[in-house]
Amino acid sequence: MPQTSPKLVRIDPLRLHMERRGQMVAGATIFASKAVNLEPEAVRQLHDAACLPPAKKVLATADIHVGFGVPIGCVVGLENAIMPPAVGYDINCGMRLLRTPFYKGDIDTDKIALDIARDIPLGEGMHNIRLDDKCLEAVVHQGAPSIPLLARRIDHRAWEAFDSDEFADDLARIEENGCMPADPGAVPKAAMQKGSAQIGTLGGGNHFIEIQYVREVLDEELAKTLGLSTGQIVVMIHSGSRRFGYEVADHYMNVAAHRPENSGRPKMLSYLLTDTGAGRDYSAAMGAAANFAFVNRHVMALLVRRCFNRMFGPTPLKLVYDVTHNMAKLESHEDGRLWVHRKGATRAFGPARMAATEFARIGQPIITPGSMGTASFLMVGTGRSEESLSSVNHGAGRVMSRTAALGRSRRGRVVSPGLITDEQFKRSMEGIKLIAGNKRRIKEEAPGAYKDIEEVVRIVVECGWATCVARMAPLAVLKG
DNA sequence: ATGTGC
């Protein structure tokens, strides 16, 4: 374990720098203002990541908070190495934004939310669509493009909402077109077995489906290009690769921990060299989990669309974008060709790096949720974010642990009064329909447990990395 | 993040 302790120096109102010293291999920057709460433990975790031999560039965005081994809200650029804990357990956890043709007041959003909650299982351990081995293999190998294949193979209500004409447009609006390089052969059996029935489920923790409306358009031209205007109802989905990704992560964290290059290093700081079989296998299995997550979010979107169709007749529910915030990718940057690990960080490519896509003129869309009860943002990348390895934050970030918010242990035992009172929680959710899969733990996700999204987004914009398109506010929230 | 154990 690194012995030196991190020393942060503020270099300007938006940047704190941790100079390279002691066992650090790279310096580290935290992009945060004075108003942003920084947990000392998260800063220490960032420091530990900067001590890894393959570390080339290490940074954190303002939503940094404590994670397993590596903090959430950080970017780790490694040379010739890939690191399971720097991706996290929920491989390709990400955001999807859908736009509806409706405006606030047009439709009963509480009713549609209740309907969605009947069709999409919320919470841990939930199952929905059981895939046979061949289907599952197609999903993990091909990602979102496998979806028409599933439609023909299995008989399920999701396919009532499938529209083959729209599907090509949808694929073009998913990061990597919904497909990462993958090899099902590298996926541990436990992932295939325990994940086989979890396509079309939300999961727990911070995952959600929200019915929101565009409260404010912040750039008319960009909003118009992306098909959004003031008052419009949108649906935001936050979910990942469920048990499938968890098992992939767990397996390869153990593989990494036993490699000679990690001798004496904690499991949660272990990496794999990309010129080894184990490194290539993790990369291929991570891709498989990423594909699983793309399909999961797409199937949930189909289920949501089916609810709209049922309630309002045929409803175009267009995909604005689907973007991941837990992934490692090999990218070329000023610091060279790096495995860019975004753990709770969103890629923010500008127009130039989106040249071959329909976003070549505006840059890559970025979907940044606040907490339930507060606003979410749609932004686009400017291409001026080389200092963050083309990355921005993934959300608001926590200010307190789940147990601190609740005052309870995971088993439900009261261990302290909890930092979020029932009264506070109620007030922060006023006027918002809340459907919680796990009512006992819902306060873990209270708006008061999160940083101020407005400040976190302000920092991204001030740094010049992204432009705000719209601010969305929740009307109904579905939580695991 | 994850329906679970040294």
- Message: Under a 4.0 Å threshold between the charged nitrogen and the carboxylate oxygen, would A:Glu41 count as salt-bridged to A:Arg44?
- Response: yes

- Message: Between the side chains of A:Arg471 and A:Glu454, is the shortest nitrogen-to-carboxylate-oxygen separation below 4.0 Å, so that they form an ion pair?
- Response: yes

Over how many whole Å does the gap from [X] atom [atom1] to [N] atom [atom2] extend?
{"X": "A:Arg440", "N": "B:dG3", "atom1": "CZ", "atom2": "C1'", "value": "14 Å"}
{"X": "A:Phe244", "N": "B:dG3", "atom1": "CZ", "atom2": "P", "value": "14 Å"}
{"X": "A:Asp250", "N": "B:dG3", "atom1": "CG", "atom2": "C1'", "value": "14 Å"}
{"X": "A:Met126", "N": "B:dT2", "atom1": "CE", "atom2": "C1'", "value": "14 Å"}
{"X": "A:Asn254", "N": "B:dT2", "atom1": "CG", "atom2": "P", "value": "18 Å"}
{"X": "A:Asp90", "N": "B:dT2", "atom1": "CG", "atom2": "C1'", "value": "9 Å"}
{"X": "A:Gln193", "N": "B:dG3", "atom1": "CD", "atom2": "P", "value": "15 Å"}
{"X": "A:His127", "N": "B:dG3", "atom1": "NE2", "atom2": "P", "value": "8 Å"}

- Sub-4.0 Å heavy-atom contacts from residues 66-76 of chain A onto DNA chain B, ordered by number: A:Phe68

- Message: Here's a test of your reading of the structure: between A:Lys194 and A:Tyr89, which maps to the more 5' nucleotide of DNA chain B?
- Response: A:Tyr89

- Message: Which residues pass the ring pair (Phe, Tyr, Trp, His ring centres under 6.0 Å) test with A:Phe31, not counting sequence neighbours?
- Response: A:Trp465

- Task: Mind checking ring pair (Phe, Tyr, Trp, His ring centres under 6.0 Å) for A:Tyr321 and listing every partner two or more places apart, or none if nothing turns up?
- Result: A:Phe359

- Query: Within the structure shown, what part of the strands sits under 4.0 Å from A:Gly204 by heavy-atom distance: base, sugar-phosphate, or nothing?
  - Reply: sugar-phosphate

- Task: Mind checking A:Gly88 for me? I need base, sugar-phosphate or nothing, with any heavy atom below 4.0 Å counting as a touch.
- Result: nothing

- What is the distance from atom CD1 of A:Ile435 to atom CD1 of A:Ile211, rounded to the nearest 0.5 Å? 8.5 Å

- Message: Can you see if the side chain of A:Gln198 gets near the phosphate of B:dG3 - specifically, an N or O under 4.0 Å from OP1 or OP2?
- Response: yes

- Task: Start with the C-alpha distance between A:Glu455 and A:Ser33, add both sets of side-chain angles, then the distance that settles side chain to side chain donor-acceptor pair (under 3.5 Å), and finish with yes or no.
- Result: CA-CA 8 Å; A:Glu455 176 65 3; A:Ser33 65; 2.4 Å; yes

- Message: Ring centroids only, cut at 6.0 angstrom: are A:His238 and A:His394 within range, meaning strictly under it?
- Response: no

